[in-house]
Number of protein chains: 2
Amino acid sequence: MDKALKDKIEEFKSYRLDKPPLEIIEHYKKELQAIQDAMEIIQGRWKMSIIALLCNGEFRYSELEKGLPKISPRMLSKELKDLEINGLVERKVYDSIPVKVSYKLADYGYTLVPLIIELTNWGLEHRKMIMKR
Amino acid sequence: MDKALKDKIEEFKSYRLDKPPLEIIEHYKKELQAIQDAMEIIQGRWKMSIIALLCNGEFRYSELEKGLPKISPRMLSKELKDLEINGLVERKVYDSIPVKVSYKLADYGYTLVPLIIELTNWGLEHRKMIMKR
DNA sequence: CTGAATCCGCTCGGATACTG
DNA sequence: CAGTATCCGAGCGGATTCAG
């Protein structure tokens, strides 16, 4: 682990509440609830991947299938529906033949961008770490 | 939605790759993989909550149970084991009577702090949004 | 092309009881 | 106190087939 990271970790540790455990639990209740709320939305193997793709533009159903090579149509359609219900994704149907459907991030979906960025960064670093071992 | 947020969203949109979908998929492959790696680790209803608590100090098993009122002992012990295997959490046993076991974040666990922060922020905002509706 | 329908195994996660 | 053991249901998620 390099020094910059070690410093960073020390900085993080300094954020700690530094109280008896039961007091921490009491003071931290609201934040903990927030985390559980957030996790409920982004739960599932595919949701964040779909959102991350859509951060970069508009995609058709079949394009999303290409971007997520291992997803089954059942899952893709289910996850998209979930995301639409939660107001994160917008679905648009073009009345052409054959039918064309495109998905894009709703404005509300863009509020997840900072999270996506952190997730990506951590995932990249994590992979590096695993490779080293 | 307030103006500051709208501006933020516009800023995010400007990050977009702005290429044909299939090219985006190609260029974005590595990041997408990173997201899936990360999600695999933090997957599950309780993992991030446990890590978030441990960001604030050291907790005993029974204290964690108090902090996560709805978790069953089976889940708590399983999730803690997962986190330990992934090098995120450290487990320490004190040979007293009765036995005392404490859990704390490993250094590697602290690398998740930025993610926790974003998750918390988004969860708090999301809750506000839901309330308004 | 964009899914919906069906079937099925597996794991997640809860409830309860029990142990060193 | 810190878990383990056992049982169970619900839903995740894959594979395949079919429809508009």
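We use all heavy atoms of the structure for the numbers below, so side chains are in, but hydrogens, waters and symmetry mates are not.
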Original post:
Whole Å only: how far is the CD1 atom of B:Ile71 from the P atom of C:dG14?
Top reply: 7 Å
Subject >> Residues touching DNA chain C, which here means a heavy atom under 4.0 Å, drawn from residues 89-104 of chain B >> reply: none
Name each donor-acceptor pair under 3.5 Å that joins a side chain in residues 59-68 of chain A to protein atoms two or more places apart or in another chain, with its distance.
{"residue": "A:Tyr61", "atom": "OH", "partner": "A:Pro73", "partner atom": "O", "Å": "3.2"}
{"residue": "A:Glu63", "atom": "OE1", "partner": "A:Arg60", "partner atom": "N", "Å": "2.7"}

**OP:** May I have all residue pairs that pass side chain to side chain donor-acceptor pair (under 3.5 Å) and include part of residues 7-23 of chain B, sequence neighbours excluded?
**Re:** A:Asp107-B:Lys13, A:Tyr110-B:Arg16, B:Lys3-B:Asp7, B:Glu11-B:Tyr15, B:Lys19-B:His27
Between N or O atoms, less than 3.5 Å apart, protein on one side and nucleotides 16-18 of chain D on the other: list the pairs.
none

Subject >> Reported CG-to-CD1 distance for the pair B:Leu17 and B:Ile25, which is rounded to 0.5 angstrom >> reply: 11.5 Å
**OP:** Identify the two heavy atoms, one from B:Leu32 and one from A:Ser49, that lie closest to each other, and give their separation to 0.1 Å.
**Re:** CD1-O, 3.6 Å
Subject >> Beyond-backbone contact of A:Ile35 with A:Glu31, side-chain heavy atoms, under 4.5 angstrom >> reply: no
**OP:** Could you list by number each residue of residues 24-35 of chain A showing a heavy-atom separation from DNA chain D of less than 4.0 Å, or answer none if no residue does?
**Re:** none
Original post:
Is A:Ser77 near enough to C:dT2 that one of its side-chain N or O atoms lies under 4.0 angstrom from OP1 or OP2?
Top reply: no
Original post:
Looking at residues 54-65 of chain A, who's got a heavy atom less than 4.0 Å off DNA chain C?
Top reply: A:Arg60, A:Tyr61, A:Ser62
Original post:
Think B:Lys81 has a side-chain N or O under 4.0 angstrom from the OP1 or OP2 of D:dT4?
Top reply: yes
Subject >> Nucleotide C:dA5, atom P - distance to CG of A:Leu76 in whole Å >> reply: 16 Å
**OP:** Would you mind reading off the distance between A:Leu68 atom CG and D:dG14 atom P, rounded to a whole angstrom?
**Re:** 11 Å
**OP:** Before giving the answer on side chain to side chain contact (heavy atoms under 4.5 Å, CB included), spell out for B:Met39 and A:Arg45 the whole-Å C-alpha distance, their side-chain angles and the decisive distance to 0.1 Å.
**Re:** CA-CA 7 Å; B:Met39 285 306 290; A:Arg45 185 170 164 191; over 6 Å; no
Original post:
Between atom NZ in B:Lys66 and atom P in D:dG3, what is the gap in whole Å?
Top reply: 14 Å
Only pairs under 3.5 Å count here: list side-chain donor-acceptor contacts from residues 76-90 of chain A, not counting sequence neighbours, and write none if there are none.
{"residue": "A:Glu79", "atom": "OE1", "partner": "A:Lys47", "partner atom": "NZ", "Å": "3.2"}
{"residue": "A:Asn86", "atom": "ND2", "partner": "A:Asp82", "partner atom": "O", "Å": "3.4"}

Subject >> side chain to side chain donor-acceptor pair (under 3.5 Å) partners of residues 115-128 of chain B, not counting sequence neighbours, each pair once >> reply: A:Asp37-B:Arg127, A:Tyr108-B:His126, A:Thr111-B:Trp122, B:Glu125-B:Lys128
Subject >> Separation of C:dT11 C1' from B:Glu79 CD (nearest whole Å) >> reply: 12 Å
Original post:
NZ of B:Lys78 versus C1' of C:dT11: gap in Å, rounded?
Top reply: 8 Å
Original post:
Residues in salt bridge (Lys or Arg N to Asp or Glu O under 4.0 Å) with B:Glu40, at least two apart?
Top reply: none
Subject >> From B:Ile51 atom CD1 to B:Leu112 atom CG, the distance as rounded to the nearest 0.5 Å >> reply: 5.0 Å
Subject >> Taking every non-hydrogen atom, the tightest pair across B:Leu105 and B:Cys55 >> reply: CD1-SG, 3.7 Å
What donor-acceptor contacts under 3.5 angstrom involve side-chain atoms of residues 94-102 of chain A, with partners at least two apart or in another chain?
{"residue": "A:Ser96", "atom": "OG", "partner": "A:Pro98", "partner atom": "O", "Å": "3.0"}
{"residue": "A:Ser102", "atom": "OG", "partner": "A:Glu58", "partner atom": "OE2", "Å": "2.7"}

Original post:
In chain order, what residues pass the salt bridge (Lys or Arg N to Asp or Glu O under 4.0 Å) check against B:Arg91, with sequence neighbours excluded?
Top reply: none
Original post:
Can you name the closest pair of heavy atoms from B:Ile116 and A:Tyr28 and give their distance?
Top reply: CG2-OH, 4.2 Å
**OP:** Let me know the distance between NZ of B:Lys70 and C1' of C:dT16, rounded to the nearest Å.
**Re:** 18 Å
Subject >> Residue pair A:Ala38 / B:Gly123: nearest heavy atoms and the distance that separates them >> reply: CB-CA, 4.1 Å
**OP:** Could you list by number each residue of residues 37-46 of chain B showing a heavy-atom separation from DNA chain D of less than 4.0 Å, or answer none if no residue does?
**Re:** none
Original post:
If you group Ile, Leu, Val, Met, Phe, Trp and Tyr by side-chain heavy-atom gaps below 4.5 Å, do B:Tyr103 and B:Val93 land in one group?
Top reply: yes
